[in-house]
Trainee: 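Got a structure for you, questions after.
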Amino acid sequence: GAAPVGSQDPPSVRLWSDYLNVHLHPKSLYVIRQYLHDGDCDCLEAFAQGERLLQDPACMEELDDRLHFYVEECDSLQGFQVLCDIHSGFSGVGAKVTELLHDEYSGKGILTWGLTPVTTWVSLVLAAPLRFQRLGCFSPQDSLSSFYRVLNTALGIAHLSRHSSLLCPLSLSGSLGIK
């Protein structure tokens, strides 16, 4: 049997970005190879890990080249918008990026959006079903993750607000993703 006209095999989906229908310019993406799903490290979970990533001279040079590529295209650069998860190690990455922008473009505005997830029982169970023997039973790993989330959020807000014109934390829950 031939396949119906217009049907195609579904594309392989490995990451959230595989669902992205908007085609982005290659210079607008920077993949952190160590923290891919099949990378060397498990996850980017601490603020200091994110900061350490951007202390690598090769990484900073690549980021700087990509930034200058877009800045040179602007007729009248007014500022930057930074969207950053503040509950994970990406808060450290965002802090270093806003520091770079603040240092290199001190007269320009930097609007930073600090994003946090909704943490509910349902999202916790869906995100890590193997960690739960029964509902309401957290392992020591979960309390360590909660500690990291609180610490990352606090450090992220402190550092991002220092180098941003305006920091606006965003969350769908009233707790900034902190339980």
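Positions are given from 1 along the sequence. From a predicted model like this one, the values you see are computed outputs, not experimental measurements.
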Trainee: What verdict does the side-chain contact (heavy atoms from CB on, under 4.5 Å) test give for E51 and H159, after you've listed the backbone C-alpha separation in whole Å, the side-chain angles of each residue and the deciding distance to 0.1 Å?
Mentor: CA-CA 11 Å; E51 273 191 323; H159 287 264; 4.3 Å; yes

Trainee: Closest heavy-atom contact between S165 and G109?
Mentor: OG-CA, 3.4 Å

Trainee: Please walk me through it: do D85 and T116 pass side-chain contact (heavy atoms from CB on, under 4.5 Å)?
Mentor: CA-CA 6 Å; D85 290 338; T116 61; over 6 Å; no

Trainee: Are L44 and L53 close enough that some pair of their side-chain heavy atoms sits under 4.5 Å apart?
Mentor: yes

Trainee: Side chains of I86 and L115: closer than 4.5 Å at any heavy-atom pair?
Mentor: no

Trainee: Is there a donor-acceptor pair under 3.5 Å between the side chain of N152 and the backbone N or O of F47?
Mentor: yes

Trainee: Can you list the residues that meet the side chain to side chain contact (heavy atoms under 4.5 Å, CB included) rule with S28, with sequence neighbours excluded?
Mentor: L24, H25, Y70

Trainee: With side-chain contact (heavy atoms from CB on, under 4.5 Å) as the test, would you mind laying out the steps for H87 and Y148 before giving the verdict?
Mentor: CA-CA 8 Å; H87 70 283; Y148 277 139; over 6 Å; no

Trainee: Would you compute the distance between atom CG of L151 and atom OG of S91 and round it to the nearest 0.5 angstrom?
Mentor: 8.5 Å

Trainee: Taking side chain to side chain contact (heavy atoms under 4.5 Å, CB included) as the definition, give me every residue that meets it alongside T112, ordered by chain and number, with sequence neighbours left out.
Mentor: V82, T98, I110, L160, S164, L167

Trainee: Can you pull out every salt bridge (Lys or Arg N to Asp or Glu O under 4.0 Å) where at least one residue sits in residues 87-114? Sequence neighbours excluded, please.
Mentor: K96-E99

Trainee: Verify the neighbour count for atom OH of Y105: are there more than 12 heavy atoms of other residues, nucleotides or ligands below 6.0 Å?
Mentor: yes

Trainee: Do the side chains of L67 and L100 get nearer than 4.5 Å, heavy atoms only?
Mentor: yes

Trainee: Give me the atom names and distance for the closest heavy-atom approach of P117 to S171.
Mentor: O-OG, 4.1 Å

Trainee: Among all residues two or more places apart in sequence or in another chain, which pass the salt bridge (Lys or Arg N to Asp or Glu O under 4.0 Å) test with R162?
Mentor: none

Trainee: Which residues pass the side chain to side chain donor-acceptor pair (under 3.5 Å) test with D64, not counting sequence neighbours?
Mentor: H68

Trainee: Same cluster or not: are V71 and L54 linked, directly or through other Ile, Leu, Val, Met, Phe, Trp or Tyr residues, by side-chain heavy atoms under 4.5 angstrom apart?
Mentor: yes

Trainee: Considering only distance and modelled atom types, tabulate donor-acceptor pairs under 3.5 Å from the side chains of residues 73-81, sequence neighbours left out.
Mentor:
{"residue": "Q81", "atom": "OE1", "partner": "W113", "partner atom": "NE1", "Å": "3.1"}

Trainee: Determine yes or no for a side-chain-to-main-chain donor-acceptor pair under 3.5 angstrom, with R66 supplying the side chain and P26 the backbone.
Mentor: yes

Trainee: Quick one: does Q49's side chain have a donor or acceptor within less than 3.5 Å of a partner on E45's backbone?
Mentor: yes

Trainee: Any chain of hydrophobic side-chain contacts (each under 4.5 Å) joining L101 to M60?
Mentor: yes

